[in-house]
Amino acid sequence: MSTILVTGGTGTLGSQVVTRLRDAGHEVRVLSRHAPDHPVDLRDGGGLDAATAGAEVVVHCASSPRGGDETAAGHLIEAARRAGTVRNVVYISIVGVDQVPYPYYQVKHKVERMLEESGLGWTVLRTTQFHDLVHGYFRAMAKLPVLLVPAGTRDQPISVDEVADRLAALAAAPPAGRVPDMGGPESRDMTDLARAYLRGTGRRRPVLPVRLPGKAFAAFRRGAHLTPAHAVGKATFEDFLSAR
């Protein structure tokens, strides 16, 4: 069994990856700003050398739409090089990061390139948006009298459980580079998903599609964030709502 470091190991995805790896018998080090054993802030890199010492695999789940991912990845890569034992860095990315000119996507794509050029073994898995993210958006919008959704846009949400299963399997395997994308089982109009959310939560709101400007939303309307050829997920958005 391997010694595996999981960044963002207390988050929505990272915590599930940690559980799966430990259940498989791996020694897992949970790294986050609030982790009891390895409290590391990747933005300044303090404590990373101790956390990576002797680690064979890094699963990089830590990410923030508020910024800092490039700096964090740089610190992680440098620490993995210094450790000299890391054979694979597994990174979770997003379908469409190379096609959608949205700042967070562009940063995720930059991190992918940093890993490719790092000299380390690496594996990158791109997935579509999680059910949790879609649910969170609708929950926030449902506070208004009208539930606003981006017009002409589809989404292909996927279960965090299924992504965690895949990441855990990749962490136990040799470096594989860019692996096939992973998408949810259905590509659905955001209006349809919004109505499913309202039904599933017992809310009543008119759903109003709004056409949003800009190149990023034009790319979303083109479906650059979807992967219909890799609709491998099983759980639908309704399944997610029922489980909650």
Side-chain angles (χ1 to χ4, degrees), residues 4-24 26 28-35 42 57-66 69 72 89-97 100 102 104-105 107-108 111-112 123-142 154-173 176 178-188 190 192-194 196-197 200-201 220 225-228 230-244:
I4 301 176
L5 174 66
V6 181
T7 74
T10 58
T12 301
L13 174 62
S15 61
Q16 296 203 33
V17 174
V18 167
T19 297
R20 284 156 176 76
L21 291 172
R22 283 179 171 162
D23 287 348
H26 298 286
V28 181
R29 300 174 185 173
V30 178
L31 185 154
S32 77
R33 282 175 291 173
H34 308 295
L42 287 170
V57 178
V58 174
V59 183
H60 188 26
C61 295
S63 185
S64 174
R66 294 187 295 274
D69 279 14
V89 180
V90 182
Y91 180 56
I92 180 68
S93 190
I94 308 170
V95 171
V97 290
V100 179
Y102 183 66
Y104 181 56
Y105 279 44
V107 170
K108 296 285 282 187
V111 172
E112 288 185 4
T123 303
V124 169
L125 172 65
R126 292 181 184 176
T127 74
T128 52
Q129 301 291 349
F130 298 158
H131 290 308
D132 305 68
L133 182 64
V134 177
H135 179 272
Y137 169 80
F138 290 144
R139 181 175 57 191
M141 289 295 101
R154 305 181 71 81
D155 208 351
Q156 190 181 349
I158 191 168
S159 165
V160 170
D161 291 346
E162 293 170 354
V163 175
D165 288 342
R166 181 71 174 127
L167 277 183
L170 291 171
R178 169 92 184 275
V179 298
D181 293 345
M182 188 174 183
E186 302 173 318
S187 171
R188 294 168 63 179
M190 286 292 286
D192 181 39
L193 288 169
Y197 167 82
T201 57
F220 285 131
H225 61 305
L226 308 176
T227 181
H230 297 98
V232 296
K234 303 299 182 185
T236 67
F237 189 52
E238 281 82 359
D239 292 334
F240 169 82
L241 292 169
S242 296
R244 290 179 67 89

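The side-chain hydrogen bond (donor to acceptor under 3.5 Å, both in side chains) check on Thr236 picks up Asp239, with sequence neighbours excluded. Listed by chain and number, the residues in a salt bridge (charged side-chain N to carboxylate O under 4.0 Å, His left out) with Arg29 are Glu27 (sequence neighbours excluded). Residues meeting the side chain to side chain contact (heavy atoms under 4.5 Å, CB included) test with Ala168, sequence neighbours left out: Arg20, Leu21. The side chain to side chain contact (heavy atoms under 4.5 Å, CB included) check on Ala231 picks up Gln156, with sequence neighbours excluded. For Tyr105, the ring pair (Phe, Tyr, Trp, His ring centres under 6.0 Å) partners are Tyr102, Phe220, not counting sequence neighbours. For Asp132, the salt bridge (charged side-chain N to carboxylate O under 4.0 Å, His left out) test picks out no residue, with sequence neighbours left out. For Thr7, the side chain to side chain contact (heavy atoms under 4.5 Å, CB included) partners two or more places apart in sequence, or in a different chain, are Leu31, Leu42, Val58, His60, Ala62, Leu76. Under the ring pair (Phe, Tyr, Trp, His ring centres under 6.0 Å) criterion, His135 pairs with Tyr197, Phe240, sequence neighbours left out. In this structure Thr10 satisfies the side chain to side chain contact (heavy atoms under 4.5 Å, CB included) test together with Val30, Ser32, sequence neighbours excluded. Checked against salt bridge (charged side-chain N to carboxylate O under 4.0 Å, His left out), Arg188 has the following partners two or more places apart in sequence or in another chain: Glu186, Asp192, Glu238. Partners of Thr19 by side-chain hydrogen bond (donor to acceptor under 3.5 Å, both in side chains), not counting sequence neighbours: none found. In this view, Arg178 and Asp181 satisfy the salt bridge (charged side-chain N to carboxylate O under 4.0 Å, His left out) rule, not counting sequence neighbours.
Rounded to the nearest 0.5 Å, atoms CZ (Phe138) and CG (Leu133) are 10.0 Å apart. From Tyr91, atom OH reaches atom CG of Leu125 across 11.5 Å, with rounding to the nearest 0.5 Å. His131 contributes atom NE2, which lies 13.5 Å from atom OG1 of Thr12 (distance to the nearest 0.5 angstrom). Distance CD/Gln16 to SG/Cys61: 10.5 Å, rounded to 0.5 Å. We find the CD-CE distance between Glu162 and Met182 to be 5.5 Å, quoted to the nearest 0.5 Å. Atoms OG1 and NE2, on Thr128 and His230 in that order, are 12.0 Å from each other to the nearest 0.5 Å.
In this structure a side-chain-to-backbone donor-acceptor pair under 3.5 Å is present from Lys108 to Ile92.
Side-chain contact between Ile94 and Gln129 is present, with heavy atoms from C-beta onward closer than 4.5 Å. In this structure the side chain of Asp155 reaches within 4.5 angstrom of the side chain of His225, judged on heavy atoms. Within the 4.5 Å cutoff, side-chain heavy atoms of Leu13 are placed close to those of Leu167. Between Val179 and Arg166, some side-chain heavy-atom pair lies under the 4.5 Å cut-off.
Minimum heavy-atom separation, Gly11 to Ser15: O-OG, 2.6 Å. Here the closest heavy-atom approach between residue Gly200 and residue Leu241 is recorded as CA-CD1, 4.4 Å. Nearest heavy atom pair, residue Val124 against residue Ser93, reads CG1-CB, 4.1 Å.
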